[in-house]
Number of protein chains: 2
Amino acid sequence: MGDDDLLRKAGLRVTAARLAIMQTVRDGDHLDVDGVHRGVRRRVGQVSLQAVYDSLHALHRAGLVRKIEPMGSPARYEARVGDNHHHLVCRRCGTVTDVDCTVGVAPCLEPADDAGYVVDEADITFWGVCPSCQR
Amino acid sequence: MGDDDLLRKAGLRVTAARLAIMQTVRDGDHLDVDGVHRGVRRRVGQVSLQAVYDSLHALHRAGLVRKIEPMGSPARYEARVGDNHHHLVCRRCGTVTDVDCTVGVAPCLEPADDAGYVVDEADITFWGVCPSCQR
DNA sequence: CCCTTAACTTGAGTTATTCAAGTTTACGAG
DNA sequence: CTCGTAAACTTGAATAACTCAAGTTAAGGG
């Protein structure tokens with residue numbers, strides 16, 4: 001299924017800007033809004049930064065992109081969605097690396113005691129220093 | 001051991017503002033910087049917002065308070081530190097609730113594949129809707 | 001009781017993000 | 001196909017959280 005179908009299925013209109021955003025996020029590696037903006041303009045020419053914010057917001061609400069926000073750094077977006085994977089973030093350089101879920105399918109989705117909450121997502125970030133910053 | 005000793009042991013000077021910050025964070029429930037500021041002024045009178053930022057930063061570096069930053073909301077601080085507990089955050093009202101670690105002591109500290117990172121902290125946030133917002 | 005330097009104050013600056021108002025465009029209805 | 005409308009986009013200003021900088025105060029070792 002193409003990106004256009006995914007958009008339509010989510011009740012969103014298909015525009016060049018949105019297709020370019022989806023491609024850029026998929027090709028990129030946890031890009032921030034500015035990075036997405038640059039990628040989009042390289043593909044389809046001038047698009048305003050606000051359009052990128054707006055579209056990423058819409059895509060996120062529709063579940064087509066995932067948003068992560070490591071503390072102290074701007075929000076980042078990725079295409080892998082719905083597979084409950086997590087992130088390693090480097091304290092030095094801020095690089096984000098995917099980690100698959102520890103034990104099988106979705107063991108991290110449920111807390112021991114949910115305190116009455118209806119939980120729909122688990123957001124797990126491991127903090128450390130990446131190989132190239134360890135030198 | 002009193003807060004003053006904790007501060008000294010961390011190589012920090014003991015001031016009324018810092019003691020008040022530590023008390024406020026301990027008494028409060030995941031307060032943001034503004035909440036801490038209010039609590040501190042109630043205890044010791046006028047203290048600048050920047051002093052609160054500065055001190056919280058120092059206390060955090062010293063490991064005396066823990067900082068959490070749920071996406072989309074300002075940073076929050078708590079006194080429970082070093083016990084690897086996690087958080088439930090309400091999507092509606094933003095309330096933060098502590099959850100103890102799922103399986104025993106520190107099972108969540110290590111990812112399945114650390115990709116060469118030296119991991120020192122795991123930050124786990126469960127997103128959902130709290131009991132009082134479910135009505 | 002000084003002296004040094006950490007801690008604090010005041011005030012301005014930065015950055016990521018949002019708000020608002022007006023214009024354009026996708027796309028379903030006719 | 002073309003028309004109307006709401007979604008999408010544009011431009012520009014505003015906001016919130018936080019940081020930076022320069023000068024003042026005060027903790028605590030000598």
Side-chain angles (χ1 to χ4, degrees), chain A residues 2-22 24-25 30-41 43-62 64-65 67-77 89 94 96, chain B residues 2-22 24 30-41 43-62 64-65 67-77 94 96:
Chain A
D3 285 342
D4 50 348
D5 295 314
L6 288 169
L7 286 168
R8 261 186 283 267
K9 225 164 109 176
L12 298 171
R13 292 186 180 169
V14 178
T15 68
R18 285 186 171 171
L19 293 173
I21 288 173
M22 292 178 82
T24 302
V25 170
H30 306 99
L31 293 173
D32 60 13
V33 176
D34 214 62
V36 174
H37 190 205
R38 263 194 296 277
V40 168
R41 281 190 306 198
R43 284 181 167 82
V44 296
Q46 175 58 32
V47 171
S48 72
L49 182 60
Q50 280 63 22
V52 175
Y53 269 103
D54 189 29
S55 295
L56 282 172
H57 205 189
L59 293 173
H60 182 236
R61 250 199 325 269
L64 298 177
V65 300
K67 178 181 185 177
I68 59 176
E69 195 168 342
M71 25 186 179
S73 72
R76 295 172 171 279
Y77 293 86
V89 182
V96 179
Chain B
D3 285 343
D4 49 349
D5 295 313
L6 288 169
L7 286 168
R8 261 186 284 266
K9 226 164 108 176
L12 298 171
R13 291 184 181 171
V14 179
T15 68
R18 284 184 174 173
L19 292 173
I21 287 173
M22 291 177 82
T24 302
H30 307 99
L31 294 173
D32 60 13
V33 175
D34 214 63
V36 174
H37 190 206
R38 263 195 297 277
V40 167
R41 279 189 307 199
R43 283 181 166 84
V44 296
Q46 173 58 31
V47 171
S48 72
L49 182 62
Q50 280 65 21
V52 175
Y53 269 104
D54 190 29
S55 295
L56 283 171
H57 205 181
L59 293 172
H60 182 235
R61 251 200 323 270
L64 297 177
V65 300
K67 179 182 186 177
I68 59 175
E69 196 167 340
M71 24 185 180
S73 72
R76 296 174 171 275
Y77 293 86
V96 179

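Just so it is clear, the values below take in all heavy atoms, side chains as well, and ignore hydrogens, waters and symmetry mates. Keep in mind that this is a model prediction, so the values were computed, not measured. All chains are named by letter (A, B, ...) in the order of the sequence lines, taking the proteins before the strands, and each is independently numbered beginning at 1.
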A side-chain contact here means heavy atoms from C-beta on lying under 4.5 Å apart; do A:K67 and A:L56 qualify? no
Tell me, for nucleotides 17-30 of chain D in 5' to 3' order, what letter each nucleotide earns: B for a base near a protein heavy atom under 4.0 Å, S for only sugar-phosphate near one, - for neither? SBBB------BS--
Between C:dA7 (P) and B:R61 (CZ): distance, integer Å: 9 Å
Rounding to a whole Å, what distance do you find between A:L31:CG and C:dA16:P? 14 Å
In whole angstrom, what separates A:D54's CG from D:dA7's C1'? 9 Å
Rounded to whole angstroms, how far apart are CZ on B:R76 and C1' on D:dA16? 14 Å
Can you name the nearest heavy-atom pair linking A:R41 to A:V47, along with the distance? CG-N, 3.8 Å
Remember a base hit wins even if backbone is also touched, and classify B:A17 as base, sugar-phosphate or nothing at under 4.0 Å, heavy atoms. sugar-phosphate
How close do A:D4 and A:L19 get, counting heavy atoms only, and between which atoms? N-CD2, 3.8 Å
Axis bend over the full length of the helix from C:dC1-D:dG30 to C:dG30-D:dC1, computed from five pairs that close each end, to 10 degrees: 40°
Check this one for me: any side-chain N or O of A:S55 less than 4.0 Å away from OP1 or OP2 of D:dA8? no
Could you report the tightest heavy-atom contact between B:S48 and B:H37, atom names first, then the distance? C-NE2, 3.7 Å
May I ask you to test the B:L12-B:L59 pair for a side-chain heavy-atom distance under 4.5 Å? yes
Between B:H37 (NE2) and D:dA16 (C1'), how many Å, whole number? 16 Å
Expressed in angstrom and rounded to an integer, what is the separation of B:L19 atom CG from C:dA7 atom P? 12 Å
NZ of A:K9 versus C1' of C:dC27: gap in Å, rounded? 20 Å
Integer-rounded Å distance: C:dA7 P and B:I21 CD1: 11 Å
